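Since the model is a prediction, treat every value here as computed from it, not as a measurement.
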Amino acid sequence: MADTTPAANAEQAPLFQLQRVYLKDASLEMPNAPRIFLEAEAPAVDVQLEVSDSGVIDNVHEVVVRVTATAKVKDKVLFLVEGKQGGIFEIRNIPAEQMGPILGVVCPGIVYPYLRANIADLITRTGLPPVHLAEINFEAFYAQKMQAIAQQAAAAQPAGNGGSPSL
């Protein structure tokens, strides 16, 4: 007979818990200050986003969202800011097929607002108005990432022409 005590049920119950959110790395460069402040033109801002995850110990995962924002006026850099916001999540008894979306969609959605606030604060400390990063649809971002991985895997498959490669 199976053990149905509350302790046994608790050990088998799915668990998703945020343990900690932290600023892992931040950097700011303003290579053309102070002369760049004399420019009247509005800067063009380019934002790059990356999400990564890694196992820390059994059932504990780190998810890191990295943003790099570069603002230019004409061809000169106004600022380059990079931030990495990390989160530690305890995840257990979750089906394997659900782990990708949890680590690629749910966890970054929790961590990203902290990163947005830290980036805005860092830029404000330069004396410039804050750059408010846009909201991110991490579900769409994850789907694009999975599609790119599938395309890379398909491109890596041999052409299947029946012949063997020449040596």
Side-chain angles (χ1 to χ4, degrees), residues 15-92 94 96-156:
L15 175 71
F16 174 84
Q17 187 171 7
L18 173 65
Q19 297 293 328
R20 178 172 303 221
V21 174
Y22 56 96
L23 182 62
K24 188 168 182 143
D25 186 21
S27 67
L28 173 76
E29 297 175 27
M30 295 185 69
N32 294 300
R35 294 204 182 273
I36 195 79
F37 293 127
L38 302 174
E39 297 287 339
E41 190 175 320
V45 180
D46 175 56
V47 177
Q48 301 295 317
L49 178 79
E50 179 183 301
V51 175
S52 62
D53 66 82
S54 61
V56 178
I57 57 173
D58 285 346
N59 301 314
V60 177
H61 302 267
E62 176 192 47
V63 173
V64 176
V65 180
R66 180 183 65 81
V67 164
T68 303
T70 306
K72 290 185 176 182
V73 176
K74 298 178 184 163
D75 63 340
K76 292 188 179 188
V77 174
L78 174 59
F79 66 79
L80 171 71
V81 65
E82 180 178 82
K84 292 180 183 177
Q85 192 78 35
I88 299 174
F89 298 88
E90 183 178 359
I91 307 170
R92 61 177 78 233
I94 302 289
E97 66 273 6
Q98 293 179 11
M99 287 302 290
I102 288 172
L103 294 171
V105 178
V106 177
C107 295
I110 293 169
V111 171
Y112 183 67
Y114 293 92
L115 181 59
R116 287 180 71 210
N118 283 326
I119 295 295
D121 182 58
L122 193 56
I123 294 169
T124 300
R125 291 175 186 272
T126 67
L128 296 168
V131 170
H132 295 288
L133 299 173
E135 292 287 335
I136 301 293
N137 179 341
F138 283 103
E139 191 170 351
F141 187 77
Y142 178 76
Q144 288 174 345
K145 183 177 178 181
M146 292 298 100
Q147 183 179 15
I149 289 170
Q151 288 174 346
Q152 287 176 349

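Tested against T68 for a side-chain contact (heavy atoms from CB on, under 4.5 Å), the candidates I119, L80, V81 yield a single pass: L80.
Here T126 contributes atom OG1 and L78 contributes atom CG; the two are 7.5 Å apart, rounded to the nearest 0.5 Å. Between the CD atom in E82 and the OG atom in S27 there is a gap of 5.0 Å [rounded to 0.5 Å]. Atom CD of residue E39 and atom CG of residue N32 lie 9.5 Å apart, to the nearest 0.5 angstrom. How far CZ of F16 is from CD of E90: 11.0 Å, rounded to the nearest 0.5 Å. Here the straight-line distance linking atom CG of N59 with atom CG of L15 works out to 8.5 Å at 0.5 Å rounding. Residue I91 holds its CD1 atom at 10.0 Å from CG of L18, rounded to the nearest 0.5 Å.
M30 is listed as a side-chain neighbour of L128, based on a closest heavy-atom distance under 4.5 Å. Residues V77 and E29 form no side-chain contact, since every pair of their non-hydrogen atoms from C-beta on lies 4.5 Å or further apart. Looking only at side-chain heavy atoms (C-beta outward), C107 and I102 come within less than 4.5 Å of each other. Side-chain contact between I136 and V65: absent, with no pair of heavy atoms (C-beta onward) separated by less than 4.5 Å. Side-chain contact between F89 and V106 is absent, with no heavy-atom pair separated by less than 4.5 Å.
The number of heavy atoms from other shown groups lying within 6.0 Å of OH (Y114) does not exceed 12.
Shown here are the side-chain hydrogen bond (donor to acceptor under 3.5 Å, both in side chains) partners of E50, two or more places apart in sequence or in another chain: R66. Applying the side-chain hydrogen bond (donor to acceptor under 3.5 Å, both in side chains) criterion to K76, with sequence neighbours excluded, gives no partner residue. For N118, the side-chain hydrogen bond (donor to acceptor under 3.5 Å, both in side chains) partners are Q85, not counting sequence neighbours.
When all heavy atoms of P130 and H132 are compared, the pair lying nearest together is CG-NE2, 3.5 Å. Of all heavy-atom pairs between A26 and L122, the closest is CB-CD2, 4.3 Å. Of all non-hydrogen atoms in P43 and A71, the two that sit nearest each other are CB-CB, 4.2 Å.
Using modelled atom types and a 3.5 Å distance limit, the side chains of Q48 and D46 yield a donor-acceptor pair.
Ring geometry for Y112 versus F138: interplanar angle over 60°, hence perpendicular rather than tilted (30 to 60°).
Judged by distance alone, the side chain of R20 and the main-chain N or O of I88 form no donor-acceptor pair under 3.5 Å.
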